[in-house]
2 protein chains.
Amino acid sequence: MKNVTLKQLRYFEALAHHGHFGRAAEACSITQPALSVQIKELEQDLGAILFERAARQVRLTTLGEAFLLRVQDVLRAVEGLGDLARASHTGLVGRLRLGVIPTIAPYLLPTIITRLSRAHGELDVFVRETMTPKLVQELLDGRLDAAIVALPIGEPSLVETELFSENFVLIRPRAEAGNPVPNGEELRRMRLLLLEEGHCFRDQTLAFCNIQSSLPRDGLDGSSLSTLVQIVDAGMGVTLIPEMAVSVETRAASVSIARFAEPQPSRRIGMIWRKTNPLGEQLMQVAEIVRQAGRQIRGQSS
Amino acid sequence: MKNVTLKQLRYFEALAHHGHFGRAAEACSITQPALSVQIKELEQDLGAILFERAARQVRLTTLGEAFLLRVQDVLRAVEGLGDLARASHTGLVGRLRLGVIPTIAPYLLPTIITRLSRAHGELDVFVRETMTPKLVQELLDGRLDAAIVALPIGEPSLVETELFSENFVLIRPRAEAGNPVPNGEELRRMRLLLLEEGHCFRDQTLAFCNIQSSLPRDGLDGSSLSTLVQIVDAGMGVTLIPEMAVSVETRAASVSIARFAEPQPSRRIGMIWRKTNPLGEQLMQVAEIVRQAGRQIRGQSS
DNA sequence: CATTTTTCATAAGAAAATTTTATCGCAACC
DNA sequence: GGTTGCGATAAAATTTTCTTATGAAAAATG
């Protein structure tokens, strides 16, 4: 059964339906001999007779009838393949494996997922939250389709598209609300709370203060922005958080929020994926949706 | 999606499995370009990209993965077609629509069905019990596969194969058990009970007595051998029944059973089917099973 | 950093398959 | 008994699919 063709199965179905070689051939837009030959070959491949050729009547054998049912299933399944492909033209289909860094994920994801499933109901979104190097590696390994990270990444086999920029704001205990806002240099001499090693946001903060990240520091390292804010709330220091995190993280804390003077510290957030990914166009659609989600969130918090 | 080939689907599966054009091609026993071309054509047919070709790695796209699942279903279903055909080589498969005349059916069918399902478990036997002309018609119309009738039929488009012969025996009230056994001529003058018009057994009985079947008769016509025997039991006449019916029909009646002198009245029972039926060989197998069933039954009643 | 290797895509010619046209043979129908 | 309808078969034409040869790009190697 190595040589069975879909063509043969289609012809078979037509002949079963019409019970007449000539008309079945016509329905298939071929000539009658072509049909005869293909049916004969199918029967030979199978080593069994599917049709009983009586004078003036072509009838399915018992085997033929059992066959017909299965063949129809097969043909229908093949049509289904076409449908699947067609559906993927229109929009995104299947599964999107999206990585997001931890300093973005909690604030952006709810909105992204809402918007994605509104725009592409057929899409299963699988989210991975981890730090940039891991995301990049998993992207390169093909275990992720795209990731939302801070730019630039500079990996040549990845495409980067910018989503938005976000400023960092200073979080201080409420008691210090009236104090002048320090600049980067002054922050170095304050008790500045940072995220653990590996978070890009830690490096971005340090860069603002002109501190070598490798230098030993006395500060407590928090595992999340949420933790940092709680420590500040306890009066044990100050910290920076991206403005997108402000409304969520300061809701339950009595801390003061201060913007820096221009040029404010900030970072560019973007989406990345493999250059070779043929679904680049669709990923661009996803990026656009994330962009809108970002706008919406920054609109709410301002 | 009119031009998708099973070949393409098989190649697709191989490539998905190996993730490497060269090795997949080898697995398919073709060269790498042939595979490349077919995959490309499949993708074009579908209007969608199934594989992401990265340097040193060929990976399924999200769509490709969804595809793979369906494609495997299709390929498996096609293999199933082959299995079905192969199964039909070995023995009978599917459905056997068998017609049987009423004067045979009750006595032979239980044994036939037992034996058939023992020999061919996959076979669904559908039985139709009616008189010869209807059976022949339904056979010719393709609504039956075979029929068990009294020979000869003489329909040129049907094959006949003899199964066995059976004698007719005389059934009389027990009171008449001692009387001499009449011959055909003498029967004409007795109160001979017959089946209704249309039963071949009626005609066979009349032929034995040299009676024109069209002649008006005073006798009561019974609708089954069972009925006839009951009427005899009530002392209202005598009748003939095929020996195969004896043990069943006389079990609950107090009648006497008498064999005729040679040449005993008898009939040939055979199986018939369309000459054009390509399953003739299998039907011959069925005939053989019926033959054995007949032997078994006559063995019991003797 | 240049060279070689690996790997997929493409092109051209060869082989195989499918299809069409033409024709035959059989059985039904008039 | 000729005619017609229908499927099978044969030969030729066409299309499809394959192989061989080659190209191009990225990765591995020295």
Side-chain angles (χ1 to χ4, degrees), chain A residues 2-12 14-45 49-61 64 140-142 155-159 274-278, chain B residues 2-12 14-45 49-61 64 140-142 155-159 274-278:
Chain A
K2 206 68 206 173
N3 306 320
V4 176
T5 324
L6 280 181
K7 228 182 247 180
Q8 288 173 345
L9 298 186
R10 296 206 180 94
Y11 293 174
F12 166 78
L15 181 54
H17 179 244
H18 287 98
H20 186 287
F21 278 74
R23 280 190 282 283
E26 191 183 11
C28 297
S29 311
I30 53 168
T31 56
Q32 170 264 315
L35 187 85
S36 283
V37 168
Q38 289 304 318
I39 294 294
K40 189 178 160 191
E41 238 158 55
L42 176 60
E43 289 181 328
Q44 276 180 345
D45 264 354
I49 303 295
L50 297 170
F51 291 99
E52 176 182 339
R53 285 96 158 150
R56 224 154 280 276
Q57 222 170 351
V58 177
R59 208 181 289 125
L60 281 170
T61 60
L140 294 177
D141 290 349
E155 177 69 38
S157 62
L158 299 181
V159 203
R274 289 183 300 281
K275 266 185 187 148
T276 53
N277 192 327
Chain B
K2 202 69 204 174
N3 306 319
V4 175
T5 319
L6 280 181
K7 227 182 250 181
Q8 288 174 345
L9 298 185
R10 295 204 181 96
Y11 293 174
F12 166 79
L15 182 54
H17 179 245
H18 287 97
H20 187 288
F21 278 74
R23 281 190 281 281
E26 192 183 7
C28 297
S29 311
I30 53 168
T31 56
Q32 168 264 315
L35 187 83
S36 282
V37 168
Q38 288 305 318
I39 295 294
K40 189 177 160 189
E41 238 157 55
L42 176 60
E43 289 181 327
Q44 278 181 344
D45 264 355
I49 303 296
L50 297 170
F51 291 98
E52 175 182 339
R53 284 97 159 149
R56 221 153 284 272
Q57 227 171 348
V58 178
R59 207 182 289 125
L60 282 170
T61 60
L140 294 176
D141 291 349
E155 178 69 40
S157 62
L158 298 180
V159 203
R274 288 183 301 281
K275 268 184 186 149
T276 53
N277 192 328

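Lettering of chains follows the sequences in order, A, B, ..., and the numbering in each one begins at 1.
Across all strands shown, A/Glu41 has heavy atoms under 4.0 Å from sugar-phosphate atoms exclusively, and none from any base. Among the atoms of the strands shown, none is found under 4.0 Å from any heavy atom of A/Phe51.
The CZ atom of B/Arg53 sits 19 Å away from the P atom of D/dA24 (whole-angstrom rounding). For the pair B/Ile30 CD1 and C/dA14 P, the computed distance is 21 Å after rounding to whole Å. What separates CD of A/Gln44 from P of D/dA8 is a distance of 12 Å, to the nearest Å. We find that CD of B/Gln38 is positioned 5 Å from P of D/dC18, with the value rounded to whole Å. If you measure from atom CD1 of B/Ile39 to atom C1' of D/dC18, you get 15 Å, rounded to the nearest angstrom. Between the CZ atom of A/Phe21 and the P atom of C/dT19 there is a distance of 14 Å, rounded to whole Å. Between A/Leu9 atom CG and C/dT18 atom P the separation is 12 Å, expressed in whole Å. Atom CD in B/Glu43 sits about 8 Å away from atom P in C/dA9, given to the nearest Å.
The B/Tyr11 side chain lies nearest to D/dC18 when the options are D/dT9, D/dC18, D/dA21. Side chain of A/Ala34, nearest nucleotide from C/dC8, C/dA9, C/dT19: C/dT19. Comparing C/dT18, C/dT7, D/dT19 by their closest approach to the side chain of A/Thr5 singles out C/dT18. Here the nucleotide nearest the side chain of B/Pro33, chosen from C/dT19, D/dA10, C/dA11, is C/dA11. Among the nucleotides C/dT21, C/dA9, D/dG7, the one closest to any side-chain atom of B/Ser36 is C/dA9.
Comparing B/Lys40 and A/Gln8 along DNA chain C, the residue whose closest nucleotide (by nearest heavy atom) sits nearer the 5' end is B/Lys40. Each of B/Gln32 and A/Ser157 was matched to the nucleotide of DNA chain D holding its nearest heavy atom; the match closer to the 5' end belongs to B/Gln32.
A pairwise comparison of heavy atoms in A/Leu42 and A/Gln8 identifies CD1-OE1, 3.8 Å as the closest pair.
Look at B/His20 and you'll find a side-chain N or O under 4.0 angstrom from OP1 or OP2 of C/dC8. Note on B/Lys7: a side-chain N or O is less than 4.0 Å away from OP1 or OP2 of D/dC18.
Heavy atoms from other residues, nucleotides or ligands lying under 6.0 Å from CD of B/Glu26 number 12 at most.
Residue B/His17 holds its NE2 atom at 11.5 Å from CG of B/Leu15, rounded to the nearest 0.5 Å.
For the side chain to side chain contact (heavy atoms under 4.5 Å, CB included) with B/Phe12, the qualifying choice from B/Leu35, B/Leu60, B/Val4 is B/Leu60, the only one to do so.
Looking at A/Lys7 and A/Ile30, their side chains never come closer than 4.5 Å, going by heavy atoms from C-beta outward.
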